[in-house]
Amino acid sequence: MEWLGVVVQGVLLGGLYALFATGLSLMFGVMRLVNIAHGDLIVLGAYIALSTVAILDVHPVIAMVLVVPIMGFVGYALQRTLLNRTLGADILPPLLVTFGLSVILQNALLEIYSADPQKLSAGPMETASVSFGSLSVGVFPLLTFVSAIVLIGLLQWVFYHTSLGREFRAVSDNQEIAQLMGINKAHVFGVAMALAFAVTAIAGILFGVRTSFDPSIGGGRLLLAFEAVIIGGLGNLWGTLAGGIILGVAQTVGGQINPGWQQLAGHIAFLFVLAIKPTGLFPRVAH
Amino acid sequence: MNADTKGVLKTTISRSSRVSIIAMVLSLVLMLVLAWAPYWAGRAEMRLLGELFLYLSLASLWNLMAGYAGLVSVGQQAYVGLGGYLLFALTMFGGLHPVAAVLLAGVFSAFLSLPVAILIFRLHGAYFAIGTWVIAEMFRLSFAQVQSLGGGSGTSLPIGVVKSLAASRSGRESLSYWLALGAVVFTLGFVFFFMRSKKGLALTAIRDSEAGAAELGINIWRSKLEVYVYTSAITGVIGGLIFLQKLRISPDAAFSVSDWTAFVIFIVVIGGIGTLEGPIIGTLLFFILRESMADLGTTYLMILGLVAIVIMLKAPQGIWGLIRQKFDIELFPLSYFVHQKDASTQKSSGA
Amino acid sequence: MPDALLLAQKLDAFYGDFQALFGVNISVDAGEVLAIIGANGAGKSTLLRSLAGLIKNDSNQVVFKGQSIGDKRADTIARLGIALVPEGRQLFPSLSVEENLKLGAKVGRRGYWTLTSVYELFPILNERRNTAPTALSGGQQQMVAIARALMSNPEVILFDEISLGLAPVIINDIYNAFPTIIEQGVTAVIVEQDISRALSVASRVYCLQKGSVKLEGLTREKTRDAITAAYFGVAV
Ligand SMILES: Nc1ncnc2c1ncn2[C@@H]1O[C@H](COP(=O)(O)OP(=O)(O)O)[C@@H](O)[C@H]1O
Ligand SMILES: [Mg+2]
């Protein structure tokens, strides 16, 4: 029974990791951009929420209403002014530019907020739990998990059932021909980045409520996001959710055996999947 | 004999030009001057130079991987840290002399890099890059678990081991400096001769076109694997030397992505990726910037990030690339030059 | 003499350092069907890509309805009313047939062509509307590519080798749709390697050779021999 609890916690944790990964997956899916600064953006989301909560004296979940559009706007602006220039056949420019961005972000946050760990406080919601038989599950982790499912479902719907989604898929397939259809790819990429940033903001806030954060921890979040994407298979958002869950369960089970192994266990799970199925467990099949 | 005197141009192909010969001579002189440093430089300067040599080595190695072999890694701190930790483990528990431990750290790094490569070579491009970071992170977490090496908070090199290097402090500092100098000479020489070898030629072919290289019968996977293993081995040695200078190690310092990868990448990008000269210029510039702006702290790092972004977008060939474009020179020639000499005698020139 | 609808004036085009077009002059009149022929590598696709904005040029090297558009982005040009049916069809594999067509209408120009009318033109596409384009035959894929371009209700439509790699019967099917397309008042530029196919529908012809125009005129005035000579680069 104890183990069941551990696994359930891992699954719920996986929801958070899937949220980390969704933004990264979106960027790659639409514009083949791998963003090294992604982890720092998650942290940025948490910090913007921290300031919003402090200034407006509101609950972090309410702060989302403001933080998500702010981050979305930042994403659009960043894509249009900087990242669009890096896209092309050569992989170095996007990699190195986002790497530079990561260093700038980290140090800017350090300058503004100092290295002291911070946390978003969600009040009684944080400790509340519901019981299923003898199993007790935290309300907040459950909420995080449900958010992941809802957001991924929503993005999936946007991708496959809206005209915006058609444009996303078209530019992803063939940028040149997409332009012949009257699509301004710079704008479409900007919109995709805005969406990715919006999801990342939500992930950052939920993360900041769950654990304390400081400016230096972005790298670790990037790795989790990346591992979830690779485990699940590129370009498959539901696969990414599965990837996040596998990571989460590996971590909680590893941590249960020996607290020092928690993070290591997640990485080992990733390498294991890479060894047996390099394309991920659920690669998108071209239809 | 008649044919020879018909005013035919004799063509020779070589890699050297006058500039490159001058550069070679100057580097030899510079090397001698630097080798003499313990007799003319102060302790602080020697320390700085030693650190500069090690950074230059890391930068040249990263450049070999990213600039020539197309393996963009953001996880070379894995081998820096591994080398550092092996130095500590082999001297503390194996009773080895530090220099022997550092060399053995290179051998160990090579062996470990092989299975690592087999796994992460399944990832490509930017995904390969992040994959290398995962490996470094696993190394960090693993060493943090080793309690005999101080666990998460790290440990210092025992006095006995330090003393075994040389009895006096100045003796130790000189030795440590010469080791760093030796390492950078070896590394630069290795990269230079590797790129001039058949393997280097194969890498250039791969960089120009993977499909074309495959058609020439070049085994791309193997070529890249070799580069990865060699650079990992040397990076392990450099890591050992870095922590022989520091005398103290901890998982966070040993596997720091900003110290051993971010700075190194900035050095190469600013200096000029894919050239031998680029890392040298980049390292000099990096140290000048660092020494003059160290008080700025985080601002300095933000400026560094900004400079790297601007260079990547505006002059992706870096500073050396710009110089080369302007003056068409190569100090350490990898390309061939065609020399034409009038082989005929003066008499026949009128024919 | 009415002003030409679409003009290329001293058009040069480059791929990096390689020059593919050398001072090409072409004029397309409203309502006509123009053929551009030439051997493989002559620069036909490059010309069409320049007209459609996929290759950037100096502003006044391409003029459409009196407006210089040589330096405009492809999406802007598409909205102005120039559509390209690209060589090799180039459908979006992640989009179903109908989604491909709907994307064609994204330009937002209204006119005769709608989903209903293109399905009327190519009924088979209606049957296969929910299929992935990769599951279609070559001829059906070409129909989607043409229909997708029509969905933008263009004033000028550029066809790049629409018969390439198709069986003669299928090519007939596709060319049978031509009269209906032209009836809607669209101007057409047809690039073909198959000379007789191009000449059967076009009223005027340009011959491209190594990036330059070698021959131009009314199709009925030019002899087969003159065209063939220009095509193969033999002195006329
Ligand atoms: N993407 C490209 N990069 C470099 N050269 C190209 C490219 N596309 C075409 N070319 C060259 O430009 C010339 C014209 O090509 P193209 O316009 O495709 O000819 P056509 O359509 O008449 O067969 C050819 O010599 C071809 O090799
Ligand atoms: Mg063509």
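- Expressed to the nearest 0.5 Å, how far CD of Glu167(A) lies from NZ of Lys102(C) amounts to 13.0 Å.
- In terms of heavy atoms, Gly182(A) sits closest to Asp75(C) at C-CB, 3.4 Å.
- The CD atom of Gln90(C) sits 8.0 Å away from the CD atom of Glu176(A) when rounded to the nearest 0.5 Å.
- Note that OG of Ser94(C) and CZ of Phe168(A) are 13.5 Å apart. Values are rounded to the nearest 0.5 Å.
- With rounding to the nearest 0.5 angstrom, the CG atom of Asn184(A) is 7.0 Å from the OG1 atom of Thr76(C).
- More than 12 heavy atoms of other residues, nucleotides or ligands sit less than 6.0 Å from atom CZ of Phe22(C).
- Taking OG from Ser96(C) and CZ from Arg166(A), the interatomic distance works out to 8.5 Å, rounded to the nearest 0.5 Å.
- For the atom pair Leu101(C) CG and Met181(A) CE, the distance stands at 10.0 Å (nearest 0.5 Å).
- When all heavy atoms of Leu95(C) and Ala170(A) are compared, the pair lying nearest together is CD1-N, 4.0 Å.
- Under the rule for a side-chain hydrogen bond (donor to acceptor under 3.5 Å, both in side chains), Thr86(A) has no partner lying at least two apart in sequence or in another chain.
- Other residues, nucleotides and ligands place more than 12 heavy atoms under 6.0 Å from the OH atom of Tyr112(C).
- Looking only at heavy-atom pairs under 4.5 Å with chain A, the residue among Leu84(C), Ile82(C), Leu103(C), Leu91(C) that has the most is Leu103(C).
- Closest approach of Ala52(C) to Leu180(A), counting heavy atoms only: CB-CD2, 3.9 Å.
- Listed by first and then second residue, the ring pair (Phe, Tyr, Trp, His ring centres under 6.0 Å) pairs that reach into residues 17-40 of chain A are Tyr17(A)-Phe20(A), Phe20(A)-Phe207(A), Phe28(A)-Tyr127(B), sequence neighbours excluded.
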